[in-house]
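Single-structure report; data block below.
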Amino acid sequence: MSTASPPDLRGRLRAYVKLGKLSFYDYYLSLFVVWVALPEPLLWEGRSWAVLALYTLGYVGVVAATVALDDVTGIRDGSDARNYSPESGALRDLSRKPLLSGALTVRQAELFGWGAALWGAVLWTATLAVAPHSAPWTAVAMLLVLLSNAQYSYGLKISYRGGQELILVTPGLAVLLPYALLTGEVTGLIVLETVLVGLWSLLVSVYSNINDVEGDRLAGRRNLATLSSPAGYRRVVIGFHLLEPLAVGVAVAVGAVPAWFVALALPLWAGRVVQARAGLARGQVLVARMLGIRLHRWGIPLLLLGNALLLHV
C-alpha cells in the first residue's frame, strides 16, 4: 500500500503539468525580452527582478487556467476527441490531453483551472503592489487578460463567439505590461516587440485551427477558420504572415528601430517561408505548427540581441 501511492501521486502531478501545459515555456520567454529592453539603471535593481518574476509566475497561472478550462470544454463537446485523432500521430501526442487519456477527471481539471486563475490573480495583484509604476490602465489590462483568458473556451466561451484570434495575440502583452509597470512608459521598440510576440503566438495557432476545423465546426466554435472556406482561410493565414515584416517596416519608417533591425529578422522570415510552404502549399499543417513553435523560440534570442545592441552597446 505504501509503495503504490508515491507512483500514483507522481502520475497525478505529471497529469496536472500536462493539463496546464507547464512545459510549454514559450510565452514566458518574454521575461528576458523585457529585462534586456530596460534602461541601464533598472537592469540590476532587485525591484525589477521582483516585478518580472511575479508577473511571469502569475502569467503561468493565467495560461494554465486557460488551457485547463479549454480542455474541460473540449472533452464535454467532443471536439478534443475529434481533433486528437490517431492520424495525428507523434505530431499530436494524446498524453498531452489528460482528460482524453483518463489520467484526470473533468472535476479535477475544473478545480485546477480555477485554482490556477486564482494563483494568477493573487500574483498579479502582488505585481501591481511591488511595481514602481502601476497606472490604472495596466491594472485594467491585466484584469481583462485574466478574465478573458479564463473565459476563452469556458463560461462566456469567447473563442466560440468570434474572439479566438483576438485572445491568441494576448501573449504579446507579456512584453508591454511588465515594461510599463517598471518604466512608466511604452516605447516604439516595446510596441513592435509586443506585436511580434503576439503574432508569433498566432502563427502557431492558425495552423492548429486548420487541423481542427471540422471538429470545431461540429462543436459550434466560430472563428476565422470555421467561418471561412479553405481557400479564404489560407489567404487569412498569408495575411498574418505578412503582418510580421509589415510591423518591422513600419517601426523602421517611424524611427522606432534602426534599419539594421531588418537584418536581424531576415533569418526568421526565411523560416516563415518554410512554415507557410509546409502548411499552406503541402497541407502539412501540424508540421507548420511545430515550425511556428520553433520560430517563436528562435525569435526571442533575436529580440534579445536587437535590444542589447540598441540599448546597451
Could you report the tightest heavy-atom contact between [X] and [Y], atom names first, then the distance?
X      : Y      : result
Val62  : Thr66  : O-OG1, 2.8 Å
Ala37  : Asn307 : CB-ND2, 3.6 Å
Leu52  : Pro178 : CD2-CB, 3.9 Å
Ala308 : Val36  : N-CG1, 3.7 Å
Leu128 : Ala139 : CD1-CB, 3.8 Å
Leu173 : Val145 : CD1-CG2, 3.6 Å

Quiz item: Does a side-chain N-to-carboxylate-O contact under 4.0 Å join Asp70 and Lys157?
Solution: no
Once rounded to the nearest 0.5 Å, what's the spacing between atom [atom1] of [X] and atom [atom2] of [Y]?
X      : Y      : atom1 : atom2 : value
Glu165 : Leu168 : CD    : CG    : 6.5 Å
Leu182 : Thr127 : CG    : OG1   : 10.0 Å
Arg294 : Asp26  : CZ    : CG    : 12.0 Å
Met142 : Leu177 : CE    : CG    : 6.5 Å
Ile75  : Leu99  : CD1   : CG    : 5.5 Å
Leu305 : Leu264 : CG    : CG    : 5.0 Å

Quiz item: Within 45 degrees of the axis of the six-membered ring of Tyr25 and under 6.0 Å from its centre: does Arg297 put its NZ or CZ there?
Solution: yes
Pairwise side-chain contact, [X] with [Y], heavy-atom cut-off 4.5 Å (strictly under):
X      : Y      : result
Ile190 : Val175 : yes
Thr170 : Tyr152 : no
Leu104 : Arg12  : yes
Phe112 : Arg107 : no
Leu304 : Val33  : yes
Val248 : Leu196 : yes
Trp114 : Leu69  : yes
Val252 : Pro258 : no

Are the side chain of [X] and the backbone N or O of [Y] linked by a donor-acceptor pair below 3.5 Å?
X      : Y      : result
Gln275 : Leu291 : no
Thr138 : Ala135 : yes
Gln151 : Leu156 : yes
Ser48  : Leu42  : yes
Trp119 : Leu57  : yes
Thr73  : Ser153 : yes

May I ask you to check whether over 12 heavy atoms, not counting those of [X], lie within 6.0 Å of atom [atom1]?
X      : atom1 : result
Arg217 : CZ    : yes
Trp35  : CH2   : yes
Tyr28  : OH    : yes

Self-check item: Ile158 and Gln164: CA distance, side-chain angles, deciding distance, side-chain contact (heavy atoms from CB on, under 4.5 Å) verdict
Solution: CA-CA 6 Å; Ile158 294 172; Gln164 184 183 38; over 6 Å; no
Quiz item: Distance only, no hydrogens: is a donor on one side chain within 3.5 Å (strictly under) of an acceptor on the other, for Arg221 and Ser79?
Solution: no
Quiz item: How about Tyr179 and Glu193: does a side-chain donor come under 3.5 Å of a side-chain acceptor?
Solution: no
Quiz item: Who pairs with His133 by side-chain hydrogen bond (donor to acceptor under 3.5 Å, both in side chains), at least two apart in sequence or on another chain?
Solution: none
Quiz item: Does anything in residues 225-245 pair up under side-chain hydrogen bond (donor to acceptor under 3.5 Å, both in side chains), and if so which pairs, sequence neighbours excluded?
Solution: Trp200-Glu244, Tyr207-His241, Asn223-Thr226, Glu244-Arg272
Spell out, yes or no, whether [X] and [Y] are grouped together once hydrophobic residues are joined by side-chain heavy atoms under 4.5 Å, including indirect joins.
X      : Y      : answer
Trp44  : Leu38  : yes
Val60  : Leu143 : no
Leu144 : Leu123 : no
Trp137 : Tyr55  : yes
Leu166 : Val197 : no

Exercise. Show your reasoning for whether side-chain contact (heavy atoms from CB on, under 4.5 Å) applies to Val63 and Lys21.
Key: CA-CA 8 Å; Val63 172; Lys21 308 295 186 289; 5.6 Å; no
Practice problem: Please assess Leu19 against Val67 for the test side-chain contact (heavy atoms from CB on, under 4.5 Å), listing each intermediate value before the final yes or no. | Solution: CA-CA 7 Å; Leu19 178 68; Val67 295; over 6 Å; no
Quiz item: Between Asp77 and Tyr160, is a side chain to side chain donor-acceptor pair (under 3.5 Å) present by the stated rule, with each step listed?
Solution: CA-CA 12 Å; Asp77 65 18; Tyr160 281 64; 2.5 Å; yes
Quiz prompt | Test side-chain contact (heavy atoms from CB on, under 4.5 Å) applied to His312 and Leu43, step by step | solution = CA-CA 10 Å; His312 303 296; Leu43 277 176; 3.4 Å; yes
Quiz item: Can you list the residues that meet the side chain to side chain contact (heavy atoms under 4.5 Å, CB included) rule with Val169, with sequence neighbours excluded?
Solution: Leu202
Quiz item: Taking the six-membered ring for Trp, are Trp124 and Tyr59 parallel (under 30°), tilted (30 to 60°) or perpendicular (over 60°)?
Solution: parallel
